[in-house]
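Atoms within each ligand, like the ligands themselves, are counted from 1 in listed order.
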Amino acid sequence: MSDAPTPSAGTFSDILPKLSASEVPTGLLPVEGQDGVWHLASPTKEYGHLYPATVLTVHHWTDRLFSFTTTRDPGLRFENGQFAMIGIEVDGKPLLRAYSIASPNYADEMEFLSIAVPEGPLTSRLRHVKVGDTVLIGRKPTGTLLLDNLRPGRNLYFLSTGTGLAPFMSLIKDPDCYERFEHVILSHTVRISGELAYANHIRHELPEHEFLGEDVSGKLLYYPAVTREDFAVTERITKLIESGKIFTDLNIPELDPEHDRVMICGSPEMLADTEALLQARGFDEGNMSKPGAYVVEKAFAER
Ligand SMILES: Cc1cc2nc3c(=O)[nH]c(=O)nc-3n(C[C@H](O)[C@H](O)[C@H](O)COP(=O)(O)OP(=O)(O)OC[C@H]3O[C@@H](n4cnc5c(N)ncnc54)[C@H](O)[C@@H]3O)c2cc1C
C-alpha cells in the first residue's frame with residue numbers, strides 16, 4: 001500500500017473510464033468506500049503477467065454456478081478453446097486458478113463461467129464479484145482444445161460436463177468450426193437443469209446471430225442432459241454413445257475415428273471414462289505437434 005498512487009475519489013462512473021486511460025498506472029482497483037463512494041485504490045503491486053480487468057456483468061445460474069464478463073486488455077491474444085489464469089488479490093498476493101475463456105477471441109469482452117465451491121479459496125470469494133470489481137487475468141492463455149490439434153473430419157463433437165462447457169462456448173462462436181466440419185455437436189451434461197448454463201442463448205439467440213446465425217442454425221446440434229432430475233435425456237455421455245441414443249436422437253452417423261473429431265472437457269471421472277471409450281474405438285489423441293482424432297482438457301483438478 002505504501003507506494004500506492006494517491007487514490008482519487010468520485011462516483012464509479014467517474015472512475016471507470018479512467019481505468020483504461022493510459023495515464024492511469026496499471027494495478028488500480030476500484031474500491032467502494034463505506035460511504036458508497038468509489039475510490040481508485042491501489043492495493044496491488046504491478047503484476048506483469050496479469051492485467052486488472054473490470055467486471056462488466058455478472059449472472060448467477062444457480063447458487064453454485066455463475067458467469068461474468070470483464071474488460072479485455074487490447075494486447076491480450078488467445079485462441080478459441082484456451083484457458084487463462086484468473087483471480088483476485090488476497091492479502092497482497094494474487095490468488096489464481098485456471099479458467100477456460102468462454103468468449104470468442106474476436107470479442108471485446110472476456111467471459112468466464114465459474115463454479116462456486118463453498119470452501120474454495122478462490123471461488124468462495126469470487127462468487128461475490130460485482131459489476132465494477134477487478135479481477136486479474138493472465139496474459140498468456142494456453143490449452144489443448146484447439147481446432148488445429150484435430151485432423152480434418154466430418155462431424156466435430158464437443159463433450160462437456162459442468163463448467164467444462166466454457167471452452168466450447170468460445171468454440172461454437174468460431175466460424176472455422178463450421179467451415180471445417182459438417183456438424184458441430186455440443187453435449188452438455190449437468191446434475192440439475194438449472195446448471196444448463198447458456199441453454200437459452202444457444203437455442204434461441206445464437207441461431208439469430210447476425211454473422212453466425214446461418215452456420216449455427218444449419219450445423220450446430222445442442223444436446224443437453226440432466227442426470228439428477230427428470231429431463232428429456234438423463235444419462236451420462238458414455239452411456240449415450242454406447243447405446244447409440246445420441247446418434248439416433250440427432251440423426252447422425254455413429255462415432256467413427258476415420259471421420260469424426262472429439263473435444264472433451266469435464267470432471268476427471270468423465271474424462272477418464274470418455275477417453276477410455278474413444279481409445280477403445282480407435283481414436284488417437286492430438287496435440288500441438290501432431291493433430292489427432294480427439295483432444296482433452298480438465299474442467300477442474302481434484303485437490
Ligand atoms: C485447465 C483448467 C480449466 C479450468 N476452467 C474452469 C472454468 O472455466 N470454470 C471453473 O469454474 N473452474 C475451472 N477450473 C477449475 C478452477 O481452476 C478452480 O479449481 C475453481 O475455480 C475452484 O477454485 P477454488 O480455489 O475455489 O477451489 P479449488 O481449491 O481450486 O477446488 C476445490 C475443489 O472444488 C472442486 N472443483 C473445482 N473446480 C470445479 C469445477 N469447475 N466444477 C466442479 N467442481 C470443481 C474440486 O473437487 C476441487 O478439488 C479449471 C481448471 C483447469 C485445470
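- The shell of residues lying under 4.0 angstrom from ligand 1, judged by heavy atoms, excludes Gly162.
- Atom 31 (O) of ligand 1 has Arg303 NE, 3.7 Å as its closest protein atom, hydrogens excluded (heavy atom only).
- Shortest contact from atom 11 (O) of ligand 1 to any protein heavy atom: Ile115 N, 2.8 Å.
- Residue Leu122 places at least one N or O, backbone or side chain, under 3.5 Å from an N or O of ligand 1.
- Under the rule for a side-chain hydrogen bond (donor to acceptor under 3.5 Å, both in side chains), Glu285 has no partner lying at least two apart in sequence or in another chain.
- Checking only distances, Glu297 never comes within under 3.5 Å of ligand 1, N or O to N or O.
- Of the protein's heavy atoms, Phe300 CE2, 3.3 Å lies nearest to atom 43 (C) of ligand 1.
- Atom OH of Tyr106 has more than 12 neighbouring heavy atoms from other residues, nucleotides or ligands inside a 6.0 Å radius.
- Atom 26 (O) of ligand 1 has its nearest heavy-atom neighbour, among Thr161, Thr163, Thr123, Thr144, in Thr123.
- Residue contacts with ligand 1 for Leu113 involve N, CA, C or O but no side-chain atom from C-beta outward (heavy atoms, distance under 4.0 Å).
- In this structure, atom 8 (O) of ligand 1 lies nearest to the protein heavy atom Ser100 N, 3.1 Å.
- Side-chain contact check for Asn80 and Asn105: at least one donor-acceptor pair (N or O, by modelled atom type) lies under 3.5 Å.
- Side-chain atoms of Ser67 and Val58, non-hydrogen and from C-beta on, never get closer than 4.5 Å to each other.
- Using a 30° and 60° split on the angle between ring planes, Phe68 and Phe112 fall in the tilted class, from 30° to 60°.
- In the displayed structure, Lys173 atom NZ is contacted under 6.0 Å by more than 12 heavy atoms of other residues, nucleotides or ligands.
- Looking only at protein heavy atoms, the nearest one to atom 48 (C) of ligand 1 is Ala301 O, 3.7 Å.
- Contact check for Tyr51 versus Leu136: no side-chain heavy atoms found under the 4.5 Å cut-off.
- Of the polar atoms of Ala299, at least one N or O is found under 3.5 Å from an N or O of ligand 1, judged by distance alone.
- Ligand 1 has an N or O atom lying under 3.5 Å from an N or O atom of Ala98, backbone or side chain.
- From the protein, the heavy atom lying nearest to atom 23 (O) of ligand 1 is Arg97 NE, 3.6 Å.
- In terms of protein heavy-atom proximity, atom 21 (O) of ligand 1 is nearest to Tyr99 OH, 2.8 Å.
- Annotation: Arg64 places no N or O atom under 3.5 Å from an N or O atom of ligand 1; distance criterion only.
- Counting heavy atoms of neighbouring residues, nucleotides and ligands inside a 6.0 Å radius, atom CZ of Arg236 does not exceed 12 of them.
- Around the CD atom of Glu242, the shell of radius 6.0 Å holds more than 12 heavy atoms that belong to other residues, nucleotides or ligands.
- No side-chain heavy atom of Cys265 sits less than 4.5 Å from a side-chain heavy atom of Val296.
- Each of the following atoms of ligand 1 lies closer than 4.0 Å to a heavy atom of Glu302: 46 (C), 47 (O), 49 (O).
- You'll find the side chain of Arg261 stays beyond 4.5 Å of the side chain of Tyr157, heavy atoms only.
- Of all atoms in ligand 1, numbered sequentially from 1 with element shown, those under 4.0 Å from a heavy atom of Lys298 are 1 (C), 2 (C), 3 (C), 52 (C).
- Residue Pro121 has at least one heavy-atom neighbour below 4.0 Å for each of these atoms of ligand 1: 24 (P), 25 (O), 26 (O), 27 (O), 29 (O).
- Regarding atom 33 (C) of ligand 1, its nearest protein heavy-atom neighbour is Val117 CG1, 4.3 Å.
- Of all atoms in ligand 1, listed by their number and element, those nearer than 4.0 Å to a heavy atom of Gly120 are 24 (P), 25 (O), 26 (O), 27 (O).
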query: Does the pair Lys245 and Asp249 meet the rule for a salt bridge (Lys or Arg N to Asp or Glu O under 4.0 Å), with working shown?
result: CA-CA 6 Å; Lys245 178 173 165 55; Asp249 285 352; 3.0 Å; yes

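- Counting non-hydrogen atoms of other residues, nucleotides and ligands closer than 6.0 Å to CZ of Arg151 gives a total above 12.
- At a heavy-atom cutoff of 4.0 Å, ligand 1 is contacted by the side chain of Phe83 but not by its backbone.
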